[in-house]
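Here is the structure we will look at.
In what follows, chains carry the letters A, B, and so on, assigned in the order in which the sequence lines appear, proteins first and then strands, with residues in each chain numbered from 1.
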Amino acid sequence: MDEQTHDRVRDVIRSIPAGQVATYGDVAAVAKAPSPRIVGRILAEDGHDLPWHRVLRANGTPAPHLADEQLQLLRAEGVAIMDGKIDFAAHRWEESPSAHAEEDDSQPGLF
DNA sequence: AGTATGACATGCC
DNA sequence: GGGCATGCCATAC
C-alpha cells in the first residue's frame with residue numbers, strides 16, 4: 001500500500017482545525033487519495049489518533065453508529081449542529097492543499 | 001485463492 | 001428523492 005497516501009490522509013485530517021469539518025471527498029482530494037473510500041478505511045485502521053470526528057459525509061452526517069459521538073465531539077468544539085446534522089455553510093473546512101503542500105511527485109533524495 | 005464488506009462519493013435513471 | 005452500479009484498498013471468512 002502507499003504509505004504516502006496513508007500518511008497524507010492522516011496529515012490532512014490532523015490539519016483540520018477545531019470547530020471546522022471536512023468531508024471524506026475533500027480529505028481524499030487534498031490528500032490526493034485515489035478514492036474517498038481510502039480515507040474512511042484509513043480512519044478505521046489508523047484514525048484512532050486522529051480527530052476523526054471532524055470528518056463527515058457529503059450529507060453532513062457521520063456514520064450512524066458514530067453519529068452520536070460525532071455530534072457531541074463537534075458540539076464540544078463549537079460546531080453548530082442543525083437537527084442532528086452539521087452546519088456545513090458555517091463550519092466547512094477550507095481545503096488548503098497549498099497551505100501544507102508536501103511534495104507530490106517527488107522522489108526524495110533522487111533528484 | 002476468491003468473495004463479501006466497510007467510518008464513502010459520485011453519476012445515472 | 002431513492003436505488004443501482006462503479007472505483008478503491010485492506011481485513012475477515
Side-chain angles (χ1 to χ4, degrees):
Chain A
M1 72 187 186
D2 292 319
E3 280 294 319
Q4 288 195 358
T5 302
H6 192 271
D7 193 36
R8 265 200 297 271
V9 171
R10 297 177 73 181
D11 186 36
V12 170
I13 296 174
R14 270 189 207 212
S15 296
I16 303 176
Q20 295 197 348
V21 296
T23 67
Y24 288 92
D26 289 343
V27 174
V30 177
K32 299 186 177 73
S35 173
R37 195 132 199 196
I38 306 302
V39 180
R41 208 187 52 69
I42 290 173
L43 281 171
E45 295 290 316
D46 273 330
H48 48 78
D49 277 60
L50 302 167
W52 55 271
H53 53 260
R54 289 179 198 151
V55 184
L56 326 166
R57 293 204 253 180
N59 281 355
T61 55
H65 3 271
L66 302 175
D68 189 43
E69 288 291 309
Q70 264 291 35
L71 297 175
Q72 289 200 32
L73 290 168
L74 288 173
R75 188 151 76 151
E77 299 200 342
V79 176
I81 311 293
M82 310 300 282
D83 189 43
K85 297 176 185 175
I86 284 77
D87 186 356
F88 259 111
H91 296 288
R92 200 166 203 263
W93 176 50
E94 286 188 37
E95 315 98 354
S96 310
S98 305
H100 62 90
E102 298 292 325
E103 314 92 271
D104 18 20
D105 56 338
S106 64
Q107 298 284 349
L110 187 65
F111 178 65

Next on the checklist: Restricting to non-hydrogen atoms, name the atom on A/Ala33 and the atom on A/Thr5 that form the minimum distance, rounded to 0.1 Å.
Outcome noted: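 Shortest heavy-atom separation between A/Ala33 and A/Thr5 comes out as CA-CG2, 3.7 Å.
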[X] has an atom [atom1]; how far is it from atom [atom2] of [N], in whole Å?
{"X": "A/Ile13", "N": "B/dC8", "atom1": "CD1", "atom2": "C1'", "result": "13 Å"}
{"X": "A/Ile42", "N": "C/dA10", "atom1": "CD1", "atom2": "P", "result": "9 Å"}
{"X": "A/Arg41", "N": "B/dA9", "atom1": "CZ", "atom2": "C1'", "result": "16 Å"}

Checklist entry - Other than A/Met82, what residues sit in its cluster of Ile, Leu, Val, Met, Phe, Trp and Tyr side chains whose heavy atoms are under 4.5 Å apart, directly or through others? => result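 So far as hydrophobic clustering goes, A/Met82 is joined with none.
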Provide the distance between the two [atom1] atoms, one in [N] and one in [M], to the nearest whole Å.
{"N": "C/dA10", "M": "B/dT10", "atom1": "C1'", "result": "22 Å"}
{"N": "B/dA4", "M": "C/dA5", "atom1": "P", "result": "14 Å"}
{"N": "C/dC8", "M": "B/dA1", "atom1": "P", "result": "23 Å"}

Item to check | side-chain N/O A/Arg57 vs B/dC8 OP1/OP2, d < 4.0 Å | outcome: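 For B/dC8, OP1 or OP2 has a side-chain N or O of A/Arg57 closer than 4.0 Å.
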Item to check | Interatomic distance, A/Leu73 atom CG to A/Leu66 atom CG [nearest 0.5 angstrom] | outcome: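 Output value for this atom pair is 10.0 Å.
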Item to check | Rounded distance (nearest 0.5 Å) linking atom CD1 of A/Ile13 with atom CG of A/Asp49 | outcome: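 Going from the CD1 atom of A/Ile13 to the CG atom of A/Asp49 covers 11.5 Å.
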Protein-nucleotides 5-8 of chain C N/O pairs under 3.5 Å:
{"unit_1": "C/dG7", "atom_1": "O6", "unit_2": "A/Arg37", "atom_2": "NH1", "d": "3.2"}
{"unit_1": "C/dG7", "atom_1": "N2", "unit_2": "A/Ser35", "atom_2": "OG", "d": "3.2"}

Item to check | Members of residues 74-82 of chain A that approach DNA chain B, where some heavy atom sits under 4.0 Å away | outcome: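 Of all residues in residues 74-82 of chain A, none places a heavy atom under 4.0 Å from DNA chain B.
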Checklist entry - Which residue pairs pass the salt bridge (charged side-chain N to carboxylate O under 4.0 Å, His left out) test when at least one of the two sits in residues 51-64 of chain A, sequence neighbours left out? => result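 Output for this query lists A/Arg54-A/Glu77.
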Checklist entry - Between A/Leu56 and A/Leu74, is any pair of side-chain heavy atoms under 4.5 Å apart? => result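 Yes, their side chains come closer than 4.5 Å.
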Next on the checklist: What does the 5'-to-3' dot-bracket notation of DNA chain C look like when only Watson-Crick and G-U wobble pairs under 3.5 Å count, and pairs to other strands show as |?
Outcome noted: .||||||.|||||
Checklist entry - Are A/Ile16 and A/Val30 co-members of a hydrophobic cluster defined by side-chain heavy atoms under 4.5 Å apart? => result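 Yes, A/Val30 and A/Ile16 fall within the same hydrophobic cluster.
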Checklist entry - What about A/Trp52 and A/Leu71, same hydrophobic cluster or not, with Ile/Leu/Val/Met/Phe/Trp/Tyr joined at side-chain heavy-atom distances under 4.5 Å? => result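 No; tracing contacts between hydrophobic side chains, which count when under 4.5 Å, never links both residues.
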Checklist entry - Which part of the nucleic acid, if any, lies within contact of A/Leu56, taking any heavy atom under 4.0 Å across all strands shown: a base, the sugar-phosphate backbone alone, or nothing? => result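 Touches sugar-phosphate only.
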Tabulate protein N/O versus nucleotide N/O from nucleotides 10-13 of chain B, keeping only pairs under 3.5 Å, one per line.
none

